[in-house]
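Counting starts at 1 for both ligands and their atoms, following the listed order.
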Amino acid sequence: MINVFPKMYNDELLYSVIARYRRMCGLINKGAVIEDFYGRRQGMFQMLFPLHLNKLSSMIPLGNKITGEKLLLEHTMYPFYTKFLSEQISYSIKDSMLNKTNVSIMVKTCLNSRNVSVNKYLKYCPICVAEDKKTLGESYWRREHQFTGVFFCSKHMVQLQESKVMMRKINNQYVCPDDIKITNVSSINEEYKKYNLKYISLVKELIGADEKRLELFDINRFYRFKLYEIGLATKCGIIYNKKLFDRFSKFYPRGYLYLLKSSLGDDAENSWLCKFFSNKHNKSIVKHLLLLQFLRSSISEMFDKAENVEFKKSNYKKQIQVSKLDLNERKKEWMKIIHDNPDSLRCELRNINKAVYSYIYKYDRDWYHEVTPKNVKRNKGASIDWNKRDAEFLEKVKAAVNNIKNRSGKPVRISVGSIKRETGIEKKLDNIKLVKTRKYIETVVESKEEYLIRKIEWGITEILGNGETISKNKIRKKCVLNCYRTGKTKKFINDVIDTELDNINGISKPIEKNLYVSESLL
Ligand SMILES: [Zn+2]
């Protein structure tokens with residue numbers, strides 16, 4: 001139990017409270033701070049997802065009032081980072097933060113996900129700091145300023161400043177805003193402020209929201225409904241991607257989306273926006289907020305309405321005139337593919353003829369599911385005669401290597417990839433049971449250096465064959481070697497060319513290709 005604990009300010013980051021505690025007690029040894037709270041000297045305190053909050057709250061004098069849960073909801077980033085996750089995942093993270101001393105897989109996954117971008121440094125508003133010092137005698141780190149995508153202070157409308165206090169990973173420096181140099185830089189286009197202030201209002205809603213969570217499926221249904229309301233989706237919830245892309249592009253300035261790491265690019269189909277509504281993966285929080293803002297909606301509207309959205313039953317299929325003949329022809333083709341490839345998984349069948357697959361999947365999905373074998377975990381070994389397959393593959397691979405080597409034109413490197421492409425074999429060639437095939441492949445694949453030598457020799461033969469005079473530059477150009485501008489590969493190429501030219505001029509010298517092989521090149 002500790003004897004004193006600073007009064008926590010509204011929306012103060014837990015890290016900030018602990019920093020003020022350290023200063024209040026004059027603790028110089030940073031390890032001692034953590035020992036006070038956890039009873040052991042271990043760096044369990046992470047700025048973003050601090051752990052073992054129940055233990056921490058039990059060490060605080062007013063333990064009854066300040067529960068672990070209160071700390072979690074009012075003084076950590078938990079509400080922000082989990083609101084769009086499912087109930088199950090949120091609960092897991094919450095449980096970790098309240099009761100665990102180690103980071104759970106769930107927290108790790110959530111933190112490492114490419115969709116969670118975290119600021120690098122703690123931010124502050126210089127006016128807030130000055131005001132705090134006047135009224136409170138000290139300042140503190142506010143949560144609201146730390147969320148991804150927040151660039152302004154919503155109270156003072158000025159640009160937030162970046163401190164040098166690291167936010168990611170474990171930070172046991174416990175620095176107060178009073179201890180840092182206050183700056184006043186304004187580098188962000190003023191035009192973006194109005195967009196960002198709306199964004200911040202959504203962030204505030206997130207911070208204060210309850211613990212209700214939605215399934216991704218419901219969230220997407222809500223988006224489709226809102227898009228329908230503004231004419232960007234059909235009654236059945238099918239989104240007009242191109243229209244949506246155009247309208248969204250016009251809604252936000254390009255530079256603002258760039259600032260929020262959410263640029264759209266020029267191609268609607270490949271933009272994050274058109275891929276956003278799949279029910280597969282959790283999506284970036286920033287993008288959720290950008291979308292809600294675009295839809296003039298709010299967190300509360302989403303969480304109130306999402307589960308009750310209903311669409312008209314799709315009459316999508318009826319609307320599309322499909323030529324019966326075409327579809328039937330393709331169905332026949334698909335049945336043949338299934339018949340000829342009894343061992344294949346659905347994805348493998350699909351790759352055999354993507355056009356046929358897509359067509360059928362689009363126009364008669366039910367039929368596709370009915371006739372296509374379900375993916376069953378293959379009982380490997382039992383149904384496959386590996387010796388036979390090995391022998392079969394070996395023949396194909398040998399022929400492929402021969403073809404690659406003897407093909408006219410610029411040489412292609414002999415690699416697992418090029419062999420695979422040449423054979424047309426869809427399956428993995430490095431399966432442990434393909435003993436002979438793998439052994440053969442190992443002996444024939446070329447290292448980068450071996451390939452470069454072969455290519456240079458080819459280039460020289462070509463130039464000489466055309467009756468041209470030879471020069472180093474010509475060889476490099478012919479063999480497209482100018483991309484190697486620095487480092488060991490460049491030196492290697494120069495040496496090979498020199499040696500080859502010496503050979504032509506009658507000065508024989510072997511090429512020591514192994515001399516330059518370094519790990520980074522392999
Ligand atoms: Zn401020």
### Task
Compare every heavy atom of Ser418 with every heavy atom of Val412, then report the nearest pair and how far apart it is.
CG1-CB, 4.0 Å
### Message
Suppose we call two aromatic rings close when their centres sit under 6.0 Å apart. Are Phe294 and Tyr252 close by that rule?
### Response
no
### Query
Given the side-chain rings of Tyr195 and Tyr199, with only the six-membered ring counted for Trp, is the space between their centroids under 6.0 Å?
no
### Query
Near the Zn ion (ligand 1), which protein N/O/S atoms are found at less than 2.8 Å?
Cys125 SG, Cys128 SG, Cys153 SG, His156 ND1
### Neighbour count above 12 (heavy atom, 6.0 Å) for Lys198 NZ
no
#### Entry: Reported CD1-to-CG distance for the pair Ile299 and Leu289, which is rounded to 0.5 angstrom
5.5 Å
### Message
The test is side-chain contact (heavy atoms from CB on, under 4.5 Å); show your working for Gln161 and Cys125 and say whether it passes.
### Response
CA-CA 6 Å; Gln161 305 293 304; Cys125 157; over 6 Å; no
